[in-house]
Number of protein chains: 2
Amino acid sequence: MAKIPGNPCTSSCPIKRAMDILDGKWTMLIIRDLLGGKKRFGELRYSLEGVSPKMLTQRLKQLEEEQIIRKISYPVMPPKVEYELTEKGHQLRPVIESLAVWGNELI
Amino acid sequence: MAKIPGNPCTSSCPIKRAMDILDGKWTMLIIRDLLGGKKRFGELRYSLEGVSPKMLTQRLKQLEEEQIIRKISYPVMPPKVEYELTEKGHQLRPVIESLAVWGNELI
DNA sequence: CTGAATCCAATCGGATACTG
DNA sequence: CAGTATCCGATTGGATTCAG
């Protein structure tokens, strides 16, 4: 059995740290979308189909604070805003990929 | 860029399927614990430190319904109950491992 | 020991309307 | 277009008590 890095599930457990950030219905879906490249607010809203602007804004804001995504605002009219993953965000790719593999087996 | 299996983030997205099951503050922590082998209710309650019996019961029940864990009740007094991962649950190991790697880099 | 029951607060999340 | 504001219900989660 492969050893899992880190300590047992106490408050300093790496899984706990990760999930405190990644928890939430939409978070992983946002990251998955952004792994495909920069996306605009409306694009995310569309591809997540069902998310309310409130929740999308809330999650994007939190992910930005955690420095997992970066927000790029263009000072134009009408407004144009793009979101992209930071390096820290890109490092979530293995997580998303293994999740996708598992999710695919569910059928 | 490696291709992520599955479709875009619609209702049939594998990530969405996965997160519908794995969402929640404690779920991943339970699975992480059980990757180390069978655990009793009280052991989980202890190692998760802070979880209320209500939530622990709730999550365990859901995970059992999703066939990710299996519950083993011994007809003894006082009661003894153990939880262990099913095959489907064990297949989450890559997810937990990559999460642990990521969580460790946070510091 | 393993929960079930109850009560309550906070957060999540959806729908809608509105603004710069 | 990209949000903000508001209202509301559902769910999560914690604390505590109690039962088999």
Side-chain angles (χ1 to χ4, degrees), chain A residues 9-11 13 15-34 37-66 69-84, chain B residues 9-11 13 15-34 37-66 69-84:
Chain A
C9 270
T10 65
S11 53
C13 161
I15 309 288
K16 181 164 176 48
R17 272 204 301 276
M19 291 316 293
D20 280 345
I21 295 173
L22 304 175
D23 201 15
K25 183 176 176 180
W26 302 106
T27 310
M28 292 296 204
L29 301 181
I30 293 172
I31 292 164
R32 186 217 216 258
D33 266 22
L34 294 183
K38 282 198 283 278
K39 293 276 184 309
R40 301 183 60 167
F41 187 86
E43 290 180 293
L44 290 170
R45 191 175 175 184
Y46 171 75
S47 76
L48 265 47
E49 60 173 46
V51 71
S52 66
K54 189 186 71 169
M55 286 314 299
L56 184 51
T57 300
Q58 198 173 108
R59 287 285 143 250
L60 289 171
K61 202 163 288 181
Q62 186 200 339
L63 288 174
E64 197 190 350
E65 284 167 6
E66 300 286 358
I69 66 175
R70 187 171 16 246
K71 178 178 177 173
I72 310 169
S73 300
Y74 299 89
V76 294
M77 201 48 191
K80 175 176 175 178
V81 178
E82 287 178 329
Y83 294 91
E84 65 178 2
Chain B
C9 271
T10 65
S11 52
C13 162
I15 309 287
K16 182 164 175 49
R17 273 203 301 277
M19 291 316 292
D20 280 346
I21 294 174
L22 303 175
D23 200 15
K25 183 176 177 180
W26 302 105
T27 311
M28 292 295 206
L29 301 180
I30 294 172
I31 292 165
R32 188 219 214 257
D33 267 22
L34 295 183
K38 281 198 284 277
K39 292 277 184 310
R40 300 183 59 168
F41 187 85
E43 290 181 293
L44 290 170
R45 190 175 174 184
Y46 171 75
S47 76
L48 265 47
E49 60 173 47
V51 70
S52 66
K54 189 186 71 169
M55 287 314 299
L56 183 51
T57 301
Q58 197 173 110
R59 287 284 144 250
L60 289 171
K61 202 162 288 180
Q62 187 201 338
L63 288 174
E64 199 190 349
E65 285 167 4
E66 300 285 359
I69 66 174
R70 187 171 15 247
K71 177 178 179 174
I72 310 169
S73 300
Y74 299 88
V76 295
M77 201 49 190
K80 175 176 176 178
V81 178
E82 287 179 329
Y83 295 91
E84 65 179 1

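Only a predicted model underlies this, so the values are computations on that prediction, with no experimental measurement involved.
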Review point. Roughly how far, to the nearest 0.5 Å, is CZ of B:Arg59 from NZ of B:Lys54?
Key: 11.0 Å

Check your understanding: Which distance, rounded to the nearest 0.5 Å, do you find between the CG of B:Leu63 and the CD1 of B:Ile69?
Key -> 5.0 Å

Between atom [atom1] in [X] and atom [atom2] in [N], what is the gap in whole Å?
{"X": "A:Leu44", "N": "D:dA2", "atom1": "CG", "atom2": "P", "answer": "9 Å"}
{"X": "B:Asp23", "N": "C:dG13", "atom1": "CG", "atom2": "C1'", "answer": "11 Å"}
{"X": "B:Leu48", "N": "D:dG13", "atom1": "CG", "atom2": "P", "answer": "11 Å"}
{"X": "A:Phe41", "N": "C:dG20", "atom1": "CZ", "atom2": "C1'", "answer": "15 Å"}
{"X": "B:Met19", "N": "C:dG13", "atom1": "CE", "atom2": "C1'", "answer": "15 Å"}
{"X": "A:Tyr74", "N": "C:dG20", "atom1": "OH", "atom2": "P", "answer": "25 Å"}
{"X": "B:Asp20", "N": "C:dC12", "atom1": "CG", "atom2": "C1'", "answer": "14 Å"}

Point to revise | D:dG3 OP1/OP2 closer than 4.0 Å to side-chain N/O of A:Lys80 | key: no

Exercise for review: Establish, with yes or no, whether the OP1 or OP2 oxygen of C:dT2 is under 4.0 angstrom from a side-chain nitrogen or oxygen of B:Arg40.
Suggested key: yes

**Study point:** Minimum heavy-atom distance A:Gln62-A:Asp20, with the two atoms named
**Key:** NE2-O, 4.0 Å

Practice item. Work out which heavy atom in B:Gly24 is nearest to a heavy atom in A:Asp23; give both atom names and the distance. Key: N-OD1, 3.3 Å

Exercise for review: Specify the residues of residues 53-63 of chain B, ordered by number, for which at least one heavy atom lies under 4.0 angstrom from an atom of DNA chain D.
Suggested key: B:Pro53, B:Lys54, B:Met55, B:Gln58, B:Arg59

Check your understanding: NA contact type, B:Tyr83, heavy-atom cut-off 4.0 Å: base, sugar-phosphate, or nothing?
Key -> sugar-phosphate

Point to revise | Which residue lies more 5' along DNA chain C, comparing B:Val81 with A:Val51 via nearest heavy atoms | key: B:Val81

**Study point:** pair A:Cys13-B:Arg32: side-chain heavy atoms closer than 4.5 Å
**Key:** yes

Revision key, fill the gap. side-chain contact (heavy atoms from CB on, under 4.5 Å) with B:Ile31: of B:Thr27, B:Leu34, B:Leu29, only one passes, and it is B:Thr27

Please tabulate, for the side chains in residues 71-84 of chain A, all donor-acceptor contacts under 3.5 angstrom to protein atoms that are two or more places apart in sequence or on a different chain.
from	atom 1	to	atom 2	distance (Å)
A:Tyr74	OH	A:Glu82	OE1	2.8
A:Glu84	OE2	A:Arg70	NE	3.2

